[in-house]
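Values reported hereafter were calculated over all heavy atoms of this structure, with side chains retained and with hydrogens, waters and symmetry mates removed.
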Number of protein chains: 2
Amino acid sequence: MSSATEVVAARGRAAAHAAPSLAGADDATVNAVLLAMATGLGERERELVEANSADVEAATSGGMPASMVDRLRMGTDRLSAAADQLRGLAAVPFPAVTRELGDLPGGLRLAERRRPVGVIGANYEARPVVTADIASQLVKSRNAGVLRTGAAALRSSRALLGHVICPALERCGLDPSAIQLIDVAHHDAALALVEQPGLIPLVILRGSGPTTRDLARRAAQHGVRTLAHADGGGVLYIDGAADAPAALELIEAGLDRLGVCNRLNLLLVAEAVWPSLQGRVLALFQRLGVAGSLPPHEHPVGFEWALDEDNEATVTVLPVRGPVEAARVANTETSGLAATIVTSDPDAARRFLDAYEGTTALWNASTRLVDGFKMLGVPETGINVDRLPGPRGPVTFRDLYLRQFVVTPR
Amino acid sequence: MSSATEVVAARGRAAAHAAPSLAGADDATVNAVLLAMATGLGERERELVEANSADVEAATSGGMPASMVDRLRMGTDRLSAAADQLRGLAAVPFPAVTRELGDLPGGLRLAERRRPVGVIGANYEARPVVTADIASQLVKSRNAGVLRTGAAALRSSRALLGHVICPALERCGLDPSAIQLIDVAHHDAALALVEQPGLIPLVILRGSGPTTRDLARRAAQHGVRTLAHADGGGVLYIDGAADAPAALELIEAGLDRLGVCNRLNLLLVAEAVWPSLQGRVLALFQRLGVAGSLPPHEHPVGFEWALDEDNEATVTVLPVRGPVEAARVANTETSGLAATIVTSDPDAARRFLDAYEGTTALWNASTRLVDGFKMLGVPETGINVDRLPGPRGPVTFRDLYLRQFVVTPR
């Protein structure tokens with residue numbers, strides 16, 4: 001057994017031991033933990049910022065690119081935003097635990113109810129506020145957790161656990177060990193996190209790209225389920241019956257950020273209108289500093305530009321016959337994250353929405369909406385693009401449960 | 001590529017090609033297919049019984065044990081029962097496709113809706129009526145399917161496809177290729193069924209034991225999700241506050257069949273009452289022809305007797321301190337299929353039901369209830385004992401769907 005495996009196993013056992021304390025907490029206590037975390041972020045700001053400064057200094061002197069150092073920063077503004085988010089989550093109502101399904105013969109009654117999973121793992125980038133974000137969602141869902149952050153954020157995350165998260169659990173009478181941090185900097189720890197189905201049966205993988213793809217594959221081989229989207233990329237289809245200004249607006253809305261999974265990546269345009277639209281679309285791209293990759297393409301049609309640092313500011317363009325072919329291209333050539341149709345023809349919209357199989361189908365709306373906060377009003381734990389029964393699309397704390405049937409006397 | 005792999009891939013492609021025809025069918029058409037299948041079972045009885053006789057003769061002359069030959073038989077009675085089941089399924093209402101989630105900014109509206117998975121695989125024992133059963137549930141859920149039955153039932157199953165299932169689809173205007181049968185007798189076909197995530201992302205594995213366990217593991221390694229329960233075994237806990245006659249009745253109810261996964265397998269008894277109950281429990285076992293395996297056990301406490309042909313008529317008995325320890329033993333030593341508490345103390349019941357994590361928790365009711373028909377009023381596609389979000393416990397046609405978010409203008 002590698003030392004990373006031993007560390008993760010020890011964290012998993014500690015979390016499993018503490019899990020019943022959290023699973024049995026009442027709603028008021030769970031929300032009190034979140035509010036105590038919010039308060040703690042303010043009260044312990046000095047220690048948190050200090051730990052973060054050490055992370056930032058080490059990263060800078062180690063030659064980390066400026067954009068990544070920025071993500072690593074955890075200053076007053078971000079701490080204050082994180083505290084607001086925690087208070088917001090505390091205010092979100094809990095889904096009903098029990099749903100009555102009716103009577104059974106013999107004087108019995110059947111219900112379906114939600115139980116916490118137990119221990120959930122999470123692997124995420126070197127952005128320390130995510131530690132508070134994920135911990136809060138696990139607490140809200142009453143699941144214990146084993147967290148693993150990118151090595152560069154380890155000091156900041158350790159400070160969040162030690163000064164804020166664990167004390168908040170303890171102050172509310174819960175076992176502070178329910179949230180565990182893997183304080184091993186090596187990437188082996190990420191591998192070890194997805195190899196222990198008995199202790200950590202479910203792991204949330206944040207972020208896209210080859211690391212997530214590899215971890216998801218490795219998890220499957222070990223019988224560990226993941227919620228992940230190695231690949232993303234929004235699709236926008238401009239129908240023959242689209243209002244041109246609306247289409248251009250949605251293109252622009254889909255490109256307000258380039259490094260995110262739900263940005264506009266593939267632009268499909270009805271062949272009939274492409275000649276008349278081409279000039280305006282390319283002019284818009286130029287204004288936005290984006291290159292259009294027109295056919296013939298020297299890359300797969302669904303290639304995700306957000307994962308290509310050198311060519312992030314690119315959008316693939318492909319003329320298609322109509323809404324059903326657009327949906328087919330989105331189904332077969334992309335990750336299945338999200339696709340939108342721009343049209344003023346309700347019938348074309350219906351055909352597109354019915355044919356598209358991805359996690360979110362949109363009509364006259366940007367794929368940038370595909371986000372827990374914007375779409376569901378709660379932070380997302382992660383995004384899952386599996387084409388399988390279960391949590392799919394933006395996953396929130398409400399999805400992190402086991403179904404259980406309960407039979408009792410009436 | 002092995003020839004089994006090629007055959008399964010060809011069946012998977014054919015099913016995938018036909019899937020949209022079924023996915024787009026309206027409720028009336030789907031139910032009409034089920035009714036046409038029911039009619040077909042009667043109209044083509046001669047051909048079906050003839051094909052089945054050939055299977056039975058081959059099995060008998062090949063030395064198949066009588067109990068397995070009995071499962072293989074498909075006579076008038078079983079065909080008629082299967083037809084009744086199809087008519088029953090046709091009468092079951094469909095779950096709502098769309099659930100409105102509310103308004104979004106910008107004049108938009110959000111809904112969550114159910115989509116078919118596409119193609120679902122199923123591997124099951126040599127019991128030919130199961131072919132009609134699973135095909136009907138896939139049709140009801142609007143999923144195409146690739147079915148693989150035990151080799152001994154291949155002629156019967158081929159006749160069901162050719163004379164009943166495919167003609168019923170065709171008569172109702174749907175693509176008859178939506179339900180495919182793997183007509184390769186070799187076990188390699190089962191392996192090939194769980195190795196093609198692109199074509200068959202989800203496979204239902206019926207039946208328990210090492211074959212299911214191996215297929216589930218192999219599926220996971222290939223990124224194919226399964227709904228399965230390699231291990232079962234009902235747990236009955238007799239609490240200190242149990243009514244003794246009620247406890248004995250539930251023991252007997254749990255042993256009306258011995259070869260099934262939800263039978264009584266592990267009997268836990270509160271230490272305080274075991275001395276006074278022991279005589280009556282063992283007398284009951286004797287009357288039922290069942291052996292009690294008392295401590296010290298020479299096998300794991302959760303060992304499933306239904307999978308041990310030579311010792312099927314055995315129940316493991318273990319005294320425990322109380323309801324929470326009983327739940328802990330059921331959680332850690334058994335598959336997590338189902339456990340029941342017998343008690344007249346509501347507080348003990350609550351503590352047991354809260355602590356037990358399996359798919360179904362019962363109070364004063366037999367684990368034999370854990371069955372799609374008996375518990376949910378619809379046939380079960382299979383049973384799943386994963387401790388993960390998603391379909392869990394008895395899985396029915398209502399569970400075989402993908403979640404999709406849909407954003408449209410208001």
*Asks:* Counting heavy-atom pairs closer than 4.5 Å to chain A, which one of B:Gly118, B:Ala361, B:Ala365, B:Gly358 comes out on top?
*Replies:*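 Most heavy-atom pairs under 4.5 Å with chain A: B:Ala361.
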*Asks:* Using heavy atoms and a sub-4.5 Å threshold, report which of residues 324-353 of chain B line up against chain A, by residue number.
*Replies:*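 If one takes a 4.5 Å heavy-atom cut-off, the residues of residues 324-353 of chain B near chain A are B:Leu353.
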*Asks:* Can you tell if the side chain of B:Trp363 reaches within under 4.5 Å of the side chain of A:Pro409, non-hydrogen atoms only?
*Replies:*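 Sidechains of A:Pro409 and B:Trp363: in contact.
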*Asks:* Is it the backbone or the side chain of B:Arg114 that comes under 4.5 Å from a heavy atom of chain A, or both, or neither?
*Replies:*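 Neither part; nothing is under 4.5 Å.
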*Asks:* If you define the side chain from C-beta out and look only at heavy atoms, does anything of A:Leu108 sit under 4.5 Å from B:Leu369?
*Replies:*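 The answer is yes; the side chains approach within 4.5 Å.
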*Asks:* If I measure from the heavy atoms of chain A, does B:Arg387 come under 4.5 Å with its side chain, its backbone, both, or neither?
*Replies:*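 Both parts, backbone and side chain.
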*Asks:* Give, as side chain, backbone, both or neither, the part of B:Ala23 having an atom under 4.5 angstrom from any heavy atom of chain A.
*Replies:*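 Answer is neither: B:Ala23 stays 4.5 Å or more from chain A.
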*Asks:* Between B:Ile120, B:Leu202, B:Leu101, which has the largest tally of heavy atom pairs under 4.5 Å with chain A?
*Replies:*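 Most pairs with chain A among the choices: B:Leu202.
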*Asks:* Could you tell me if the side chain of B:Thr360 sits less than 4.5 Å from the side chain of A:Gln404, heavy atoms only?
*Replies:*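 Heavy-atom side-chain distance check fails, nothing below 4.5 Å.
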*Asks:* With sequence neighbours left out, what residues match B:Gln196 under side chain to side chain donor-acceptor pair (under 3.5 Å)?
*Replies:*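 For B:Gln196, no residue satisfies side chain to side chain donor-acceptor pair (under 3.5 Å) once neighbours in sequence are set aside.
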*Asks:* To the closest 0.5 Å, what do you measure between CG (A:Leu388) and OG1 (B:Thr226)?
*Replies:*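 Answer for the CG-OG1 pair, A:Leu388 versus B:Thr226, is 10.0 Å.
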*Asks:* Do B:Leu402 and A:Glu357 have side chains that approach each other closer than 4.5 Å (heavy atoms only, starting at C-beta)?
*Replies:*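 The answer is no; the side chains never approach within 4.5 Å.
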*Asks:* So, taking the atom named OH in A:Tyr401 and the one named CZ in B:Arg392, what distance separates them when rounded to the nearest 0.5 Å?
*Replies:*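 Between A:Tyr401 OH and B:Arg392 CZ, I get 11.0 Å after rounding to 0.5 Å.
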*Asks:* I need the residue from B:Val370, B:Leu227, B:Asp354 with the largest number of non-hydrogen atom pairs under 4.5 Å to chain A.
*Replies:*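 Ranked by heavy-atom pairs under 4.5 Å with chain A, first place is B:Asp354.
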*Asks:* Who are the side chain to side chain donor-acceptor pair (under 3.5 Å) partners of A:Thr359, not counting sequence neighbours?
*Replies:*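 Partners of A:Thr359 by the side chain to side chain donor-acceptor pair (under 3.5 Å) criterion come out as none, since no residue qualifies.
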*Asks:* Is any side-chain heavy atom of A:Phe405 closer than 4.5 Å to one of B:Leu376?
*Replies:*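 Counting from C-beta outward, B:Leu376 and A:Phe405 do come under 4.5 Å.
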*Asks:* Decide yes or no for A:Asn364 and B:Val407: does some side-chain heavy atom of the first lie under 4.5 Å from some side-chain heavy atom of the second?
*Replies:*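 Side chain of A:Asn364 against side chain of B:Val407, heavy atoms only: no contact under 4.5 Å found.
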*Asks:* For A:Asp386 and B:Arg403, run salt bridge (charged side-chain N to carboxylate O under 4.0 Å, His left out): C-alpha distance rounded to whole Å, both residues' side-chain angles, the deciding distance at 0.1 Å, then the answer.
*Replies:* CA-CA 10 Å; A:Asp386 275 358; B:Arg403 171 171 93 177; over 6 Å; no
*Asks:* Under the rule for salt bridge (Lys or Arg N to Asp or Glu O under 4.0 Å), what residues qualify as partners of A:Glu252, not counting sequence neighbours?
*Replies:*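 Listed in chain order: A:Arg287.
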*Asks:* At a 4.5 Å cut-off on heavy atoms, which part of B:Pro20 comes close to chain A: side chain, backbone, both, or neither?
*Replies:*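 No part of it gets close to chain A.
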